[in-house]
Amino acid sequence: MKTIIAKLRLYWPLTKSLQTGLLLSTGLAGYMSARCPVMHWYDFLGLGFSLFLAIAGSTILNMWYDRDIDAVMNRTHHRPLADGRVTPAEALRLGLVISVLGVGLAVAMSPLYGLIVFAGLFFDVVVYTLWLKRRTCWSIVWGGISGGMPILAGRAFGTGHIDGIGILLALAVLFWIPTHILTFAMRYFDDYQAAKIPIFPSAYGFQVTRLTIAVSSVVAALSISAAGILIGMQWGFVRLLAVLSAGLFLLAVASVFRPTERVNFGLFKYASMYMLGAMLLITLSDL
Amino acid sequence: MKITIVDRLVLLVMCHVAGYQIITGVEGLATLPMIAYTVGFGVLLLAGLLLIILGFDALDSPVVVILSTVIPLSLSLGLVWEHLAAYRTLYLVFAILGFLVIVITRSVPMKNKLPVLVLAVVHGIAGMTIFLLPFLLVLTGRTAPAYALVGLGGALIGLGGLLLSFLKAGKPILSRKTILKILPGLLLLTTAAFVLGFSAA
């Protein structure tokens, strides 16, 4: 028993639990946006479990492939794969098994839902990590597309088809990703340089990156708000969403005109809270 | 001074209370007071979130003075629009002009006392409106007794504003440490008093 717990403790950081949790919340919100007020708990739990496995599995596969980068970067050199506590073969096996289980369960629940979950995993692992991440800073677009798949999958599972609202929600996540990733890229600029990973700040400079973050924040906030209204969120929830969106916009503007390390990292943290808050509002709005 | 876990938890509760008020709103209100209250509670909520994320250092930003003006101005505008129909337009003009003048006097460097004077007048009128109007409405029987809590909220936020203003002006009433220690609790009490008061309406 102790060995199993020790292994789980070792494997847990491989899943990037906070990031996985955030993406999982988007998938559940996508489902709730379609199913409220009628909701079946076994569907909800199945969705949560399959998405968790697929997202965690793809994250482990990414970490397996990027272990050489992680070993070079100060921020990540202590990760279990980078410092040798988990062997690459062990991580690969774990990532593959969890991914196959997640996608398999998703396909069994609904072929369309399974297809979208698989697309998310494919874009994230193959297109983003294996193919583009080390070649171009524009790889984040594909990272964003894969990030938008859980919410689209959840929505499609709820409605039975892909609709405009689902695409709008996926767009919101796609445009939120730069706020999340690029603020991080600026904070750990030296780490990325040491690992020779092309990022926006190194290709276009910090000011263009900040402007990109501001524009994408506005588009993300508008997309979520528009989706919220189209879903039929009650006005009270739309008001709160507007307030949270205003906060994101103000911080993004502050990072352009009064850039400091504190504002930059504040924007990164706020963007995560914003996404979680927006997903909670979509989930709760019709309960 | 570093923000503690307890401070963060208190602020998180405050954010939830403000968020609750934004969602529920005040029944039967016209569009403008609803927007005014949403803005007031929205700024309170965002202030709480930024303090949680950035810590008390966020208070050192020059934008704080401008943003902290929005709370009394918007809440007082909502109250006047709701209860003093004859003064609606006049107060709306005062609120807009007052905010603009504060933005200008805080953005353009000035060596005279105009920025402080403007801040004192605008904050003073807005603060006294939030503090006194609910009590007057209760005393004249136009609202339920619990509505006086809105006035209490006004008094508490006025107290907080006063402490912070004097601190930033270099003439602190209490030490910085004491002010920052009581600030999260003061913000929570303020927000709770407003929400309970408005729910009585």
Polar pairs (donor with acceptor) under 3.5 Å from chain B to chain A:
from, atom 1, to, atom 2, distance (Å)
B:Ile22, O, A:Arg239, NE, 3.0
B:Ile22, O, A:Arg239, NH2, 2.9
B:Ile23, O, A:Arg239, NH2, 3.2
B:Asp57, O, A:Arg262, NH1, 3.4

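One distance of note links CD1 of B:Ile22 with CG of A:Leu244; it measures 7.5 Å at 0.5 Å rounding. With values rounded to the nearest 0.5 angstrom, B:Leu54 atom CG is found 7.0 Å from A:Leu251 atom CG. Going from atom CD1 of B:Ile23 over to atom CG of A:Leu240 covers 5.0 Å, rounded to the nearest 0.5 Å.
For B:Leu45, the part lying under 4.5 angstrom from a heavy atom of chain A is the side chain only. Contact annotation for A:Leu241: neither backbone nor side-chain heavy atoms come within less than 4.5 Å of a heavy atom of chain B. Neither the backbone nor the side chain of B:Ile35 comes within contact range of chain A; no heavy atom of the residue lies under 4.5 Å from a heavy atom of that chain.
Atom CG of A:Leu18 has 12 or fewer neighbouring heavy atoms from other residues, nucleotides or ligands inside a 6.0 Å radius. Other residues, nucleotides and ligands contribute at most 12 non-hydrogen atoms within 6.0 Å of the CZ atom of A:Phe249. More than 12 heavy atoms of other residues, nucleotides or ligands sit less than 6.0 Å from atom CG of A:Leu45.
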Inset, instruction - Would you please test A:Val243 and B:Val39 for side-chain contact (heavy atoms from CB on, under 4.5 Å) and show each step? - result: CA-CA 8 Å; A:Val243 167; B:Val39 170; over 6 Å; no

Legend entry - Audit row: A:Leu250, B:Val63, side-chain contact (heavy atoms from CB on, under 4.5 Å) steps and yes/no: CA-CA 11 Å; A:Leu250 288 174; B:Val63 185; over 6 Å; no

